[in-house]
Amino acid sequence: TVGCVAVDASRNLASATSTGGMVNKMAGRIGDTPVIGAGTYANALCAVSATGKGEAIIRHTVARDVAALMEHQGLTLRDAAEHVVAGVPRGNFGLVAVSVSGEISMPHNTTGMFRACATEGGYSEVGIWPDD
Amino acid sequence: MGWAIALHGGAGDIPRSLPPERREPRLATLRRCLDLGVAALQAGRTALDVVELVVRELENCPHFNAGRGSVLTTDGTVEMEASIMDGTTMGCGAVSGVSTVVNAISLARLVMDKTPHIYLAFQGAEAFARDQGVETVDPSHFITEENIDRLRQAKQANRVQIDYTQPMEGQPPKDDNSRTG
């Protein structure tokens, strides 16, 4: 699964996700990617794209949950994203997210996640494993 | 804090022993797509345009599980899915079950922009793609030798696998959730 989230200079947020699904999936199986709020979500606070086991991502509505924790509990993007990832059994998924203020979070509970990010302030990261 | 961008190319049980010839092409594509997105943001493109642009590039890379390089169903076919959402308007579009559309993410964008709906699937999504004149190809375009081999291994192990997860030999226990996802 591939995905991208961004906030532009005018503070617009957007999220996009695309996938082939899972190896050996049943024909006709729908995963999390096209289910808005499961693996993809964006509002005025943040944008989220998830990757991993679609059924787990749907059950936990992970993308919308990140936004809801920010909206209703006042959590930062990082705290909200890490809270959601910690609430799903290990080995299931990861996500990338940006907030309207330009904060980035890329937590995962799998062994690794291919990921990259950059900010206007000059921060940049490309990695696979947690300690990259 | 200005603009910011983040992207992913899939998660799973990625071994630290992943050989360089499998690791480096993916990292190089991530760097290239990141640079593409950064340049677009610096040029004043909207976040919505940028995420579509970047995901199109990732779809075109056969090393990732989307577009060309999509993994296979148990029937050996490709059924791709994509979605896009605009946080400013809460507009969104999604497609699933597409097998001929080169860039499913752009078809999802068209669902958002050109229809009163959010989600089109299978024959309806394919018909909409043709109505809109988006690029389509024979489904074989998306199938790689590596993914044919992965499907064979997954069938042998009777497993459904997420991105990068290595196949396990033998039958899984009956209560193994991953067998059905």
Side-chain angles (χ1 to χ4, degrees), chain A residues 1-9 12-28 30-31 33-34 36 40-44 47 49 51-55 91 93-94 96-98 101-104 106 108 110-121 126 128-129, chain B residues 1-14 16 26-27 30-31 34 38 41 46-48 50-52 54-55 58-59 64-66 70-71 73-75 77-88 90 92 94-96 104-105 118-119 150-151 154-155 160-163 181:
Chain A
T1 305
V2 303
C4 181
V5 293
V7 57
D8 61 33
N12 301 299
L13 286 148
S15 176
T17 315
S18 184
T19 190
M22 301 169 80
V23 181
N24 201 24
K25 67 180 180 179
M26 293 174 67
I30 305 295
T33 294
I36 298 295
T40 306
Y41 191 74
N43 64 9
S49 175
T51 174
K53 194 176 291 182
E55 284 74 5
F93 89 106
V96 298
V98 297
S101 61
E103 186 185 7
I104 290 175
M106 302 190 291
H108 54 93
T110 53
T111 305
M113 179 172 73
F114 283 98
R115 64 191 188 275
C117 70
T119 69
E120 187 169 4
V126 178
I128 304 173
W129 297 287
Chain B
M1 292 175 66
W3 57 256
I5 182 171
L7 51 139
H8 64 77
D13 184 18
I14 307 170
R16 289 182 182 270
R26 291 178 170 91
L27 291 175
L30 288 178
R31 290 188 193 98
L34 183 64
V38 167
L41 286 165
T46 66
L48 188 64
V50 171
V51 296
E52 180 187 1
V54 169
V55 169
L58 290 165
E59 287 176 334
F64 292 117
N65 175 23
S70 285
V71 297
T73 71
T74 191
D75 296 339
T77 57
V78 167
E79 293 182 354
M80 297 174 289
E81 310 182 312
S83 70
I84 191 165
M85 186 161 187
D86 181 348
T88 303
M90 301 293 281
C92 46
V95 295
S96 63
I105 193 64
I118 287 175
Y119 187 0
R150 287 186 69 191
L151 176 61
K155 282 188 167 184
V160 179
Q161 296 168 5
I162 65 173
D163 296 356

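Chain identifiers are assigned alphabetically (A, B, ...) following the order of the sequence lines, protein sequences preceding nucleic acid strands; residue numbering begins at 1 within each chain.
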Can you measure from [atom1] ([X]) to [atom2] ([Y]) and round to the nearest 0.5 angstrom?
| X | Y | atom1 | atom2 | value |
| --- | --- | --- | --- | --- |
| A:Leu13 | B:Thr88 | CG | OG1 | 6.5 Å |
| A:Met26 | B:Thr73 | CE | OG1 | 10.5 Å |
| B:Thr77 | A:Lys25 | OG1 | NZ | 8.0 Å |

Checklist entry - Between A:Thr111 and B:Asp13, do the side chains contain an N or O donor and an N or O acceptor separated by less than 3.5 Å? => result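 There is such a pair (donor and acceptor under 3.5 Å, judged by atom type) between the side chains of A:Thr111 and B:Asp13.
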
Which one of [options] has the most heavy-atom pairs closer than 4.5 Å to chain A?
| options | answer |
| --- | --- |
| B:Val50, B:Thr46, B:Asp75, B:Val78 | B:Thr46 |
| B:Arg26, B:Arg31, B:Glu81, B:Glu79 | B:Glu81 |
| B:Thr74, B:Ile105, B:Ile5, B:Ile84 | B:Ile5 |
| B:Ala94, B:Ala66, B:Ala11 | B:Ala11 |
| B:Ser70, B:Ala4, B:Ala82 | B:Ala4 |

Greatest number of heavy atom pairs closer than 4.5 Å to chain B - which of [options]:
| options | result |
| --- | --- |
| A:Ala6, A:Gly102, A:Ala116, A:Gly121 | A:Ala116 |
| A:Thr40, A:Val98, A:Thr17, A:Asn12 | A:Thr17 |
| A:Gly3, A:Cys117, A:Gly112, A:Gly94 | A:Gly3 |
| A:Ala47, A:Gly28, A:Gly52 | A:Gly28 |
| A:Gly31, A:Ala27, A:Ser15, A:Gly91 | A:Ser15 |
| A:Asn24, A:Thr33, A:Thr110 | A:Asn24 |

Taking all non-hydrogen atoms of both residues into account, name the closest pair between [X] and [Y] and its distance.
| X | Y | answer |
| --- | --- | --- |
| A:Ile30 | B:Ser96 | CD1-OG, 3.3 Å |
| A:Ile36 | B:Met85 | CG2-SD, 3.6 Å |
| A:Ala14 | B:Val51 | O-CG1, 3.6 Å |
| A:Ala118 | B:Val38 | CB-CG2, 3.7 Å |
| B:Ser83 | A:Pro34 | CB-CA, 3.9 Å |
| B:Gly2 | A:Val7 | O-CG1, 4.1 Å |

Where does [X] contact chain A at under 4.5 Å (heavy atoms): side chain, backbone, both or neither?
| X | value |
| --- | --- |
| B:Leu48 | both |
| B:Leu151 | both |
| B:Val95 | backbone |

Item to check | Which residues share a ring pair (Phe, Tyr, Trp, His ring centres under 6.0 Å) with A:Phe114, sequence neighbours left out | outcome: B:Tyr164

Next on the checklist: Please enumerate all residues that pass salt bridge (Lys or Arg N to Asp or Glu O under 4.0 Å) together with B:Glu52, with sequence neighbours excluded.
Outcome noted: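 B:Glu52 satisfies salt bridge (Lys or Arg N to Asp or Glu O under 4.0 Å) with B:Arg109 only.
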
Checklist entry - If we only count heavy atoms from C-beta on, is the B:Met90 to A:Asn43 side-chain gap below 4.5 Å? => result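 B:Met90 reaches A:Asn43 side chain to side chain.
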
Checklist entry - So, does B:Asn65 use its side chain to make a donor-acceptor pair with the main chain of A:Gly21 at under 3.5 Å? => result yes

